[in-house]
*Asks:* 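Sharing a structure with you now.
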Amino acid sequence: MKNSISQNLLNWYLTNSRDLPWRQTTDPYPIWLSEIILQQTRVLQGLPYYYKFIEAFPTVDALAKADENEVLILWQGLGYYSRARNLLACAKTVAFTFHGVFPNHYNSLVKLPGIGKYTAAAIASFAFNEKVPAIDGNVIRVISRIIGIESRPYSPESNQLVQQISHQWIGQVSPARYNQAIMEFGALQCVPKNPNCNVCPIASFCYAFQNKKVHLIPAPKLKVKIKTRFFYYFLIQSNDSILIEQRQNNDIWKNLFQLPLHESSTDLPTELVLQELVNLIHTEDWLFEEISLPIKHLLTHQQLITRFVRIRLSHLPQKGNWLIVDKNELTQYAFPNLVRDYLRSKNFIEPK
DNA sequence: AATGCGGGGAT
DNA sequence: ATCCCAGCATT
């Protein structure tokens, strides 16, 4: 006998699903690519990136031959850049170790870089119809509300229950369809805030709706404390060339490029900022042009307060990992949004 | 089990 | 402002 809730979800999906490019195929390459792009990312935000990647790299073998900066340039602006680095690492493994053929089981997929439990289940079910539930934020919300899981999402109790229910519901229907349907249901109908339960086909089975707890389930995540960092970037120009450097530590924007930076944990007066500039370039022979107002850049877990200092000097010093690049070559480097937007505002990079 | 990692859209 | 998104890797 078919479980009525999963059957309702599939029926709902039939008439409410979006037409998305990676849903028209069982080829694991576009499915994998879309899943990596969509980790912690809304479909509408990821869609243009998906098209860019498919066009630049039509196959996993083509992607495997790219160099990392090339991939980061296409990824620039999407965030969580370890996804891009792992995307390339995974492509290389598939292309060179598995001769261009994706593993076709969950247990093999989950070992690849950048592929965790959710993504392995998504690929295994969408491409190979393996019966493994893909459990993402949407699924946790939908199941929590229907069943009435009031413990915090991702807690052991919540995980245990969601797993159990998922296996039950995926049992009698097409695994690929079921996973698509419940996620789409969470993304479009059972949304986090103010879902329209009046048109919900499952409301009569829903614990949260029946008990007027839709706004209480799932329980809110714990808040993380936001750290503040002060960045002072130096646009150091000589003729049409400027200095850039690659970020290398285990920190935000790893492997992306930026301008020479001084970082501080406190706000600094302009004199001190200029003193730090002198410490960096070891010369007093420069022409101050301007210092920008502080620009606030919000990340999930920290806020950056950034000022850009623009100077000119007669010739650019070489130091550490600094690169001297012509302004016409800047498109060959991947920058964080913050830096790219500033370079754009100064016409070093063409407007979008 | 907790933490770090981006950027943007919806409310 | 606040929440959270087709999560993963590291500690």
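Letters A, B, ... are given to chains in the order of the sequence lines, protein chains preceding strands, and every chain is numbered from 1.
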*Asks:* In whole angstroms, how far is the P atom of dT3(B) from the CG atom of L299(A)?
*Replies:* 18 Å

*Asks:* dG4(B) P sits how many Å from L222(A) CG, rounded?
*Replies:* 14 Å

*Asks:* So, does H301(A) get its side chain near the phosphate of dG6(B), meaning an N or O under 4.0 Å from OP1 or OP2?
*Replies:*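 No, no such contact exists.
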
*Asks:* Closest-nucleotide mapping onto DNA chain B: is H297(A) or K225(A) further toward the 5' terminus? I mean the 5' end.
*Replies:* K225(A)

*Asks:* W253(A) side chain N/O closer than 4.0 Å to the phosphate oxygens (OP1, OP2) of dG7(B)?
*Replies:*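 For W253(A), the contact criterion (side-chain N or O under 4.0 Å from OP1 or OP2 of dG7(B)) is met.
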
*Asks:* Do K52(A) and Y49(A) meet the cation-pi criteria used here (NZ or CZ under 6.0 Å from the six-membered ring centre, within 45° of the axis)?
*Replies:*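 Checked: cation-pi criterion met.
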
*Asks:* dT10(C) P sits how many Å from Y81(A) OH, rounded?
*Replies:* 20 Å

*Asks:* Could you run down nucleotides 1-8 of chain C 5' to 3' and tag each one B, S or - for protein heavy-atom contact under 4.0 Å?
*Replies:* -BSBBBBS

*Asks:* Which of these nucleotides, dG7(B), dA2(B), dC5(B), is closest to any side-chain atom of D251(A)?
*Replies:* dC5(B)

*Asks:* Tell me whether R229(A) is salt-bridged to E263(A), with the criterion being a basic N under 4.0 Å from an acidic carboxylate O.
*Replies:*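 A salt bridge links R229(A) with E263(A).
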
*Asks:* Connecting only ILVMFWY residues whose side-chain heavy atoms lie within less than 4.5 Å of each other, what is the rest of L272(A)'s hydrophobic cluster?
*Replies:* F230(A), Y232(A), F234(A), I236(A), L243(A), L268(A), V273(A), L274(A), L277(A), V278(A), L280(A), I281(A), W286(A), F288(A), I291(A), I305(A), V309(A), I311(A), L313(A), L316(A), W322(A), I324(A)

*Asks:* Considering only atom C1', compute the distance from dT3(B) to dA6(C) and round it to an integer number of Å.
*Replies:*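 The answer is 22 Å between these two C1' atoms.
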
*Asks:* Tell me whether R152(A) is salt-bridged to E157(A), with the criterion being a basic N under 4.0 Å from an acidic carboxylate O.
*Replies:*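 No, this pair does not count.
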
*Asks:* Return the value, rounded to whole Å, for the distance between atom CD1 of I252(A) and atom P of dG4(B).
*Replies:* 13 Å

*Asks:* Starting at atom NE2 of H215(A), determine the distance to atom P of dA10(B), rounded to an integer number of angstrom.
*Replies:* 23 Å

*Asks:* Just checking, is any N or O donor in the side chain of S17(A) or E184(A) under 3.5 Å from an acceptor N or O on the other one?
*Replies:*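 No, no side-chain donor-acceptor contact under 3.5 Å.
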
*Asks:* Give the rounded distance in Å between these two atoms: CG of N255(A) and P of dC5(B).
*Replies:*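 Interatomic distance, CG of N255(A) to P of dC5(B): 14 Å.
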
*Asks:* May I ask whether I170(A) and V139(A) are part of the same hydrophobic cluster, defined by side-chain heavy atoms of I, L, V, M, F, W, Y residues being less than 4.5 angstrom apart, directly or through others?
*Replies:*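 Result: yes, single cluster for both.
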
*Asks:* Charged N to carboxylate O below 4.0 Å: is that the case for R344(A) and E350(A)?
*Replies:* no

*Asks:* Which whole-number value in Å describes the distance from R85(A) CZ to dG6(B) C1'?
*Replies:*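 After rounding, the reported distance stands at 12 Å.
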
*Asks:* C1' atom, dC5(C) versus dG6(B): distance in rounded Å?
*Replies:*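 One C1' to the other, the span is 12 Å.
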
*Asks:* Whole angstrom is fine here: how far is it from CD1 in I36(A) over to P in dG6(B)?
*Replies:*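 Checked: the CD1 to P distance equals 16 Å.
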
